[in-house]
> 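Got a structure for you, written out below as structure tokens; questions coming shortly.
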Amino acid sequence: MEEAASVSGLEPKIIHGDDGYLLEDVPHLTDYIPHLPSYPNPLKDNPAYSVVEQYFVDYDDTVAQKVVVHKGGPRGMHFRRAGPRQRVYYESDEVYACIVTCGGLCPGLNTVIREIVCGLQYMYDVKKVEGIQGGYRGFYSKNTIPLTAKVVNDIHKRGGTILGTSRGGHETKRIVDCIQDRGINQVYIIGGDGSQKGAAAIFQEIKCRGLRVAVAGIPKTIDNDIPVIDKSFGFDTAVEESQRAINAAHVEATSFENCIGLVKLMGRYSGFIAMYATLASRDVDCCLIPESPFYLEGESGLFKYIEHRLKENGHMVIVVAEGAGQELVSESLHSSDHKDASGNKLLLDVGLWISQRIKDHFLKERKMAINLKYIDPTYMIRAIPSNASDNVYCTLLAQSAVHGAMAGYTGFTVAQVNGRHAYIPFHKITETQNKVVITDRMWARVLSSTNQPSFLKAKDTDEIHPTQFSEDGYTGDNVMATERIC
Ligand SMILES: Nc1ncnc2c1ncn2[C@@H]1O[C@H](COP(=O)(O)OP(=O)(O)O)[C@@H](O)[C@H]1O
Ligand SMILES: O=P(O)(O)OC[C@H]1O[C@](O)(COP(=O)(O)O)[C@@H](O)[C@@H]1O
Ligand SMILES: [Mg+2]
């Protein structure tokens with residue numbers, strides 16, 4: 001393998017191999033601190049792990065970004081495989097680690113905190129771990145909390161984060177001053193895309209100052225909007241918990257005449273929770289997500305579809321992601337753009353808005369008696385502890401982060417890619433956002449299971465597929481996807 005790109009700054013560290021093989025490597029402390037001593041990994045003497053054959057990850061092990069490949073095609077992009085290395089760049093008693101949680105809540109935050117602390121203590125015999133309180137601003141404005149395996153023993157059973165979290169407050173120099181002044185040499189940052197951008201800035205400043213401090217990110221987002229990774233922790237829990245709200249909406253809807261059960265779920269820019277919750281439930285008649293614009297009026301609009309479903313079934317369930325239809329809501333409310341402390345767009349309540357529009361349309365304009373029950377479970381879903389499978393996932397992510405930092409890697413986010421754990425440079429997961437691709441099979445499955453209109457304008461749909469009409473004149477133009485599902 002031959003190293004091609006520079007390792008300076010945050011430029012990609014790309015290594016080329018045979019047959020179009022590329023490794024997008026992560027920085028290492030030795031990139032900017034030469035002659036750093038290394039030590040045998042203490043895990044080799046750990047009775048629990050020493051029985052494992054090939055416990056240590058081979059230096060050349062990498063994880064492919066794409067597993068579907070064509071015969072004769074290039075081998076493509078790879079990432080460094082996560083896991084314990086033969087040699088580490090810290091002695092156990094010199095490690096001083098800190099953990100911070102930033103951004104919104106997500107099920108599993110406490111599990112990740114617990115497993116970083118326990119991983120450091122039980123696997124590497126590290127005694128000094130501190131929790132930074134209240135997100136990034138806690139570095140320079142709050143006292144730290146000492147974290148031991150005993151302190152964190154039960155925290156995975158609780159929702160939220162025992163450290164607290166916040167938006168905004170990322171002052172890179174003040175944060176790195178604090179890290180430097182306290183002598184912290186490993187920083188674990190649990191947060192979403194914004195937090196990982198903040199982590200990249202911290203890493204860059206640490207590197208400029210030549211500090212021997214490993215910066216490791218653990219990606220957190222209930223919205224599942226981080227690219228490259230298979231899925232974010234807490235996402236499965238969120239989809240599972242959504243079922244309770246959807247079930248309630250269905251019970252309400254089926255118990256009253258002409259009743260619509262409407263559930264709002266989280267998803268600022270990406271509708272993954274709504275999409276998976278819809279697919280899991282099978283009781284949903286319409287799923288609205290930010291990636292798929294919809295409209296209310298007209299033959300293929302939402303109102304016509306609702307009327308059709310009510311006539312056909314007497315009830316319906318709608319799931320709406322909080323970021324869906326924002327352009328319609330702001331247009332009708334004449335609202336301008338507001339942002340939160342981190343610079344994220346503050347959303348208008350599409351659930352309340354759409355409820356009112358549906359009521360106005362049917363009760364006032366169509367003079368048709370309907371019932372509408374609106375359920376907003378968003379913060380209830382976000383605040384619960386992670387389920388069993390997310391707990392295991394959080395454990396593996398935390399342990400991979402600990403192994404990476406101990407091995408001297410830095411400026412990386414740990415992630416599951418195609419089922420294997422890998423270290424990914426920050427820029428790779430912050431430069432884009434993971435979104436539902438409405439021309440992919442998964443969205444087609446939703447359309448096929450709900451039978452909702454695609455909301456493409458008639459002109460566009462005609463170009464893709466002949467428009468379908470049912471007896472009551474409803475246009476069920478369920479033709480968005482490039483492939484039909486059988
Ligand atoms: N571009 C950025 N550079 C540095 N810090 C950022 C950036 N974007 C967000 N942050 C910081 O990261 C933290 C979390 O960001 P936020 O967007 O609220 O949540 P999330 O990390 O879940 O996306 C906040 O403290 C915010 O100030
Ligand atoms: O009210 P808050 O705390 O700002 O959180 C609301 C936002 O948090 C989220 O759950 C997740 O956002 P982050 O990934 O940025 O934390 C969004 O879906 C939602 O819009
Ligand atoms: Mg975010």
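Remember, it's 1-based here, ligands and their atoms both numbered in the order they're listed.
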> I'd like to check whether Glu322 has a polar contact with ligand 2, where a contact means an N/O of the residue lying under 3.5 Å from an N/O of the ligand.
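Between Glu322 and ligand 2, an N or O pair is found under 3.5 Å apart.
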> Any nitrogen or oxygen of Tyr379 lying under 3.5 Å from a nitrogen or oxygen in ligand 2? Just yes or no.
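The answer is yes, given that Tyr379 and ligand 2 share an N or O pair closer than 3.5 Å.
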> Do me a favour and list the nearest non-hydrogen protein atom to atom 23 (O) of ligand 1 with residue, atom name and distance?
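Checking every protein heavy atom, the shortest distance to atom 23 (O) of ligand 1 gives Asp193 OD1, 2.6 Å.
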> Would the number of heavy atoms belonging to other residues, nucleotides or ligands and lying under 6.0 Å from CZ of Arg244 be above 12?
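No - once you tally the heavy atoms of other residues, nucleotides and ligands closer than 6.0 Å, there are 12 at most.
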> Count the heavy atoms of every other residue, nucleotide or ligand shown that sit under 6.0 Å from CZ of Arg212, and state whether that count exceeds 12.
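Yes - once you tally the heavy atoms of other residues, nucleotides and ligands closer than 6.0 Å, there are more than 12.
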> Return the closest protein heavy atom for atom 14 (C) of ligand 1 as residue, atom name and distance.
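Here the nearest protein heavy atom works out to Ser195 OG, 3.3 Å.
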> Closest by any non-hydrogen atom to atom 13 (P) of ligand 2: pick that one out of Lys345, Met266, Arg167.
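Nearest heavy atom to atom 13 (P) of ligand 2 lies in Arg167.
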> Working to the nearest 0.5 Å, report the span between CD of Gln326 and CG of Leu328.
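With rounding to 0.5 Å, CD (Gln326) is 9.5 Å from CG (Leu328).
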> Testing the 3.5 Å rule here: is there a donor-acceptor pair between the side chains of Asp193 and Tyr269?
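No donor-acceptor contact under 3.5 Å links the two side chains.
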> Which residue holds the protein heavy atom closest to atom 1 (N) of ligand 1, what is that atom called, and what is the gap in Å?
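The closest heavy atom on the protein side is Lys197 CD, 3.5 Å.
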> Which residues and atoms, counting only protein N, O or S, are under 2.8 Å from the Mg ion (ligand 3)?
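Asp193 OD1, with waters left out.
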> Of all the non-hydrogen atoms in the protein, which one sits nearest to atom 16 (O) of ligand 2, and at what distance?
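Result: Gly104 N, 2.7 Å.
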> Might you confirm whether atom OH of Tyr276 has over 12 heavy atoms from other residues, nucleotides or ligands at distances under 6.0 Å?
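No.
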> What about Gly192: any of its N or O atoms under 3.5 Å from an N or O on ligand 1?
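So ligand 1 has an N or O lying under 3.5 Å from an N or O of Gly192.
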> For Gly192, is the nearest heavy atom under 4.0 Å from an atom of ligand 2?
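The answer is no: ligand 2 sits nowhere under 4.0 Å from a heavy atom of Gly192.
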> Relative to the heavy atoms of Ile222, which atoms of ligand 2 are at a distance of less than 4.0 Å?
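Listed by number with element: 10 (O).
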> Take Met442 and Leu279 through the test side chain to side chain contact (heavy atoms under 4.5 Å, CB included) and record every step on the way to the result.
CA-CA 9 Å; Met442 210 57 184; Leu279 273 174; 3.6 Å; yes
> To the nearest 0.5 angstrom, please state how far the OG atom of Ser166 sits from the CD atom of Gln133.
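The CD atom of Gln133 is 11.5 Å from OG of Ser166, to the nearest 0.5 Å.
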> Between Phe272 and Asp223, does a side chain to side chain contact (heavy atoms under 4.5 Å, CB included) hold up when you go through it step by step?
CA-CA 7 Å; Phe272 287 102; Asp223 294 352; over 6 Å; no
> Within a radius of less than 6.0 Å around CG of Asp181, do more than 12 heavy atoms belonging to other residues, nucleotides or ligands occur?
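It does: Asp181 CG has more than 12 such atoms within range.
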> Is Asp177 salt-bridged to Arg209, going by a charged N under 4.0 Å from an acidic O?
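Judged by the 4.0 Å cut-off on N to carboxylate O distance, Asp177 and Arg209 do form a salt bridge.
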> Does CD in Glu327 sit with more than 12 non-hydrogen atoms of other residues, nucleotides or ligands closer than 6.0 Å?
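Enclosed.
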> To check your reading of the model: name the closest protein heavy atom to atom 22 (O) of ligand 1, its residue, and the distance in Å.
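Nearest protein contact, heavy atoms only, for atom 22 (O) of ligand 1 is Lys220 NZ, 2.7 Å.
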> Quick one: does Thr221 get within less than 4.0 Å of ligand 1, heavy atoms only?
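No, Thr221 has no heavy atoms under 4.0 Å from ligand 1.
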> Quick one: do Arg357 and Glu297 make a salt bridge, cutoff under 4.0 Å?
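Here Arg357 pairs with Glu297 in a salt bridge, since their nearest N and O are under 4.0 Å apart.
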> If you measure every N/O of Arg167 against every N/O of ligand 1, is any gap under 3.5 Å?
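By distance alone, the answer is yes.
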> Which heavy atom of Gly160 sits nearest to which heavy atom of Leu105, and what is that distance?
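What the structure gives for the nearest pair is CA-CD2, 3.9 Å.
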> So which heavy atom in the protein is nearest atom 18 (O) of ligand 1, and how far is it from that ligand atom?
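Sorting protein heavy atoms by distance from atom 18 (O) of ligand 1 puts Ser342 OG, 2.6 Å first.
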> What protein heavy atom sits nearest atom 25 (O) of ligand 1, and how far off is it?
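Minimum-distance protein heavy atom for atom 25 (O) of ligand 1 reads Gly168 O, 2.6 Å.
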> Please could you name the atoms of ligand 2 that Lys220 approaches to less than 4.0 Å, counting only its heavy atoms?
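Close to Lys220: 13 (P), 14 (O), 16 (O).
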> Among all the protein's non-hydrogen atoms, which is closest to atom 7 (C) of ligand 2, and how far away is it?
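Of every protein heavy atom, Arg268 NH2, 3.4 Å lies nearest to atom 7 (C) of ligand 2.
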> May I ask you to identify, for Ala201, whether its side chain, its backbone, both or neither come under 4.0 Å of ligand 1 on a heavy-atom basis?
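For Ala201, no heavy atom sits under 4.0 Å from ligand 1.
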> Hey, could you give me the OG/CG distance between Ser355 and Asp360, rounded to the nearest 0.5 Å?
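So the OG of Ser355 and the CG of Asp360 are separated by 10.5 Å.
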> Distance to 0.1 Å, residue and atom name: give those for the protein heavy atom nearest to atom 17 (O) of ligand 1.
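Answer, as residue, atom name and distance: Asn344 ND2, 2.9 Å.
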> Please work out which of the three classes, parallel, tilted or perpendicular, describes the rings of Tyr409 and Phe412, given edges at 30° and 60°.
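The arrangement is perpendicular - the two ring planes meet at more than 60°.
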> Going by distance only, is there an N or O of Asn344 that falls short of 3.5 Å from an N or O of ligand 2?
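Not met; the criterion fails.
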> Checking a contact table here: which protein heavy atom is nearest atom 11 (C) of ligand 2, and how many Å away?
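Of the protein heavy atoms, Asp223 OD2, 3.7 Å lies nearest.
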> List the closest protein heavy-atom neighbour of atom 6 (C) of ligand 1: residue, atom name, distance to the nearest 0.1 Å.
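Here the nearest protein heavy atom works out to Gly194 O, 3.4 Å.
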> Does a side-chain N-to-carboxylate-O contact under 4.0 Å join Lys207 and Asp31?
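The answer is no: the pair does not qualify as a salt bridge.
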> Look at the rings of Tyr89 and His28 and say which category their plane angle falls in: under 30° parallel, 30 to 60° tilted, over 60° perpendicular.
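Geometry flag for His28 against Tyr89: perpendicular rings.
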> What protein heavy atom sits nearest atom 6 (C) of ligand 2, and how far off is it?
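Ranked first by proximity to atom 6 (C) of ligand 2 is Arg382 NH1, 3.5 Å.
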> Heavy-atom contact under 4.0 Å between Gly267 and ligand 2?
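Heavy atoms of Gly267 do come under 4.0 Å of ligand 2.
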